[in-house]
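Accompanying notes for the structure given below.
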Amino acid sequence: MNRLLNLSLPILLLLLAGPSCGPRLKLKAVKAALTAVESTITTTSSGTIEADQQAALGFSAAGRVSSVLVQAGAKVKTGQSLAHLENRDLQIIFQDAEKDLKRSHELFDAGLVSRAAMDDAKRSYEISRANLDKTVIRAPFEGIVTEVNLELGELSQIGGGASSGKPAIRIVDLKPRLVRGD
C-alpha cells in the first residue's frame with residue numbers, strides 16, 4: 001500500500017500542475033445593463049402582473065351572434081373585427097342611405113336640391129352607419145385576446161356575452177409587463 005502511495009503521489013502532482021503550466025486563458029468582462037427578462041423567474045413571494053391597457057368588449061346592441069372571428073390567444077390589430085351580430089336589415093338600411101347620400105351630392109352639385117336636403121341625407125347616412133357599427137365588436141388597440149364568451153347563434157346582451165355577466169371579449173395590450181409585488 002505504501003509503495004502504491006509513493007508511485008501515485010508524483011503522478012497526482014504532475015496532473016495537478018499540468019494545466020497551470022499551459023497558456024493562460026483570457027477572460028472577457030461584460031458590463032451589466034438593464035434589459036428585458038426572457039426566462040422564467042421563480043420566487044416565493046406573491047405579486048401581480050398587469051397590462052397597461054386591457055378592455056372588456058361587448059356589443060352596443062342586443063341580438064343574435066352571427067360570427068365570432070377570434071379565439072382566446074389570438075393577436076389582433078387596432079380596428080380588427082372580432083365578432084358580429086345578425087345585421088342584414090341594418091346593412092340594407094345603410095346601403096340605401098349611402099345611395100341616397102351619393103344621389104343628394106349629385107343633385108346638390110347640380111343645384112337641384114337645397115342644403116337642408118343634403119344635410120338630411122348626411123344625417124341619415126351617419127345614423128345608419130352608427131346603428132350598423134353597434135352590431136360589430138372591433139379591437140380598440142393592438143393586443144391579444146384573453147377571453148371569448150360568445151357562441152354562434154346565442155342571444156347577446158348589450159355590453160356583454162349571453163346572460164353570464166362576463167364580457168363578450170377581453171383583450172390586453174402586447175406591451176412589456178411589470179410585476180408588482182412586496
Side-chain angles (χ1 to χ4, degrees), residues 33-38 47-180:
L34 184 63
T35 131
V37 176
E38 296 179 1
T48 58
I49 299 175
E50 296 176 358
D52 286 339
Q53 289 187 70
Q54 57 181 317
L57 307 172
F59 294 107
S60 299
R64 190 167 303 279
V65 178
S66 66
S67 63
V68 179
L69 306 172
V70 293
Q71 296 176 347
K75 289 183 180 179
V76 296
K77 296 184 178 185
T78 304
Q80 180 179 337
S81 292
L82 308 177
H84 297 265
L85 293 178
E86 290 178 355
N87 59 11
R88 185 71 188 132
D89 54 341
L90 295 174
Q91 286 177 353
I92 292 169
I93 292 169
F94 172 72
Q95 290 168 353
D96 287 346
E98 193 173 35
K99 288 176 191 174
D100 288 345
L101 179 60
K102 183 178 178 185
R103 182 73 177 140
S104 293
H105 268 295
E106 292 170 358
L107 293 173
F108 180 76
D109 291 343
L112 299 174
V113 295
S114 68
R115 170 63 76 187
M118 180 67 188
D119 290 344
D120 285 344
K122 282 183 184 178
R123 194 174 307 103
S124 291
Y125 172 80
E126 290 169 2
I127 290 170
S128 64
R129 175 88 237 166
N131 286 334
L132 186 59
D133 285 345
K134 290 178 182 180
T135 65
V136 179
I137 297 176
R138 295 188 190 281
F141 52 82
E142 188 173 344
I144 189 163
V145 176
T146 59
E147 191 176 346
V148 177
N149 297 306
L150 292 173
E151 300 275 334
L152 287 179
E154 79 176 340
L155 287 175
S156 179
Q157 304 300 318
I158 295 175
S163 58
S164 65
K166 295 181 180 179
I169 297 175
R170 184 182 304 271
I171 66 171
V172 296
D173 66 11
L174 293 173
K175 295 177 185 167
R177 303 284 176 255
L178 295 176
V179 178
R180 292 191 177 102

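We count residues from 1, following the sequence as given. From a predicted model like this one, the values you see are computed outputs, not experimental measurements.
For D133 and R129, the salt-bridge test passes: some basic side-chain N is under 4.0 Å from an acidic carboxylate O.
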(request) Report the C-alpha separation of D120 and R123 in whole Å, then their side-chain angles, then the decisive distance to 0.1 Å, and conclude whether the side-chain contact (heavy atoms from CB on, under 4.5 Å) test is met. (result) CA-CA 5 Å; D120 285 344; R123 194 174 307 103; 2.7 Å; yes
(request) Apply side-chain contact (heavy atoms from CB on, under 4.5 Å) to S124 and D100, showing your working. (result) CA-CA 9 Å; S124 291; D100 288 345; over 6 Å; no
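Without hydrogens or angle criteria, T146 side chain to R170 main chain gives a donor-acceptor distance under 3.5 Å. With hydrogens and angles ignored, the 3.5 Å screen pairs a side-chain donor or acceptor of T78 with a backbone N or O of E142.
The two atoms that bring K122 and L101 nearest to each other are CG-CD1, 3.6 Å, heavy atoms only. Residue F141 comes nearest to Q53 through the heavy atom pair CD2-OE1, 3.2 Å, listed as atom of the first residue, atom of the second, then distance. Smallest separation of non-hydrogen atoms from L82 and R138: CD1-C, 4.1 Å. The minimum heavy-atom distance linking V68 with L152 is given by the pair N-CD2, 3.8 Å. The shortest non-hydrogen separation linking I171 to P140 is CD1-CD, 3.7 Å. Of all the heavy atoms in A72 and V148, the pair that sits closest is N-CG2, 3.8 Å.
Taking CE of M118 as the start and CG of L107 as the end, the distance is 9.5 Å to the nearest 0.5 Å. Rounded to the nearest 0.5 Å, atoms NZ (K166) and CG (L150) are 12.0 Å apart. With values rounded to the nearest 0.5 angstrom, I92 atom CD1 is found 11.0 Å from L132 atom CG. Rounding to the nearest 0.5 Å places CD1 of I144 at 13.5 Å from CD of Q54. Remark: F59 CZ to N87 CG distance equals 9.5 Å, nearest 0.5 Å.
With sequence neighbours left out, Y125 forms a ring pair (Phe, Tyr, Trp, His ring centres under 6.0 Å) with F94.
The side-chain contact (heavy atoms from CB on, under 4.5 Å) test with S81 is passed by exactly one of V70, I137, L69: L69.
Sorted by first then second residue, the salt bridge (charged side-chain N to carboxylate O under 4.0 Å, His left out) pairs that include residues 74-96, not counting sequence neighbours, number zero.
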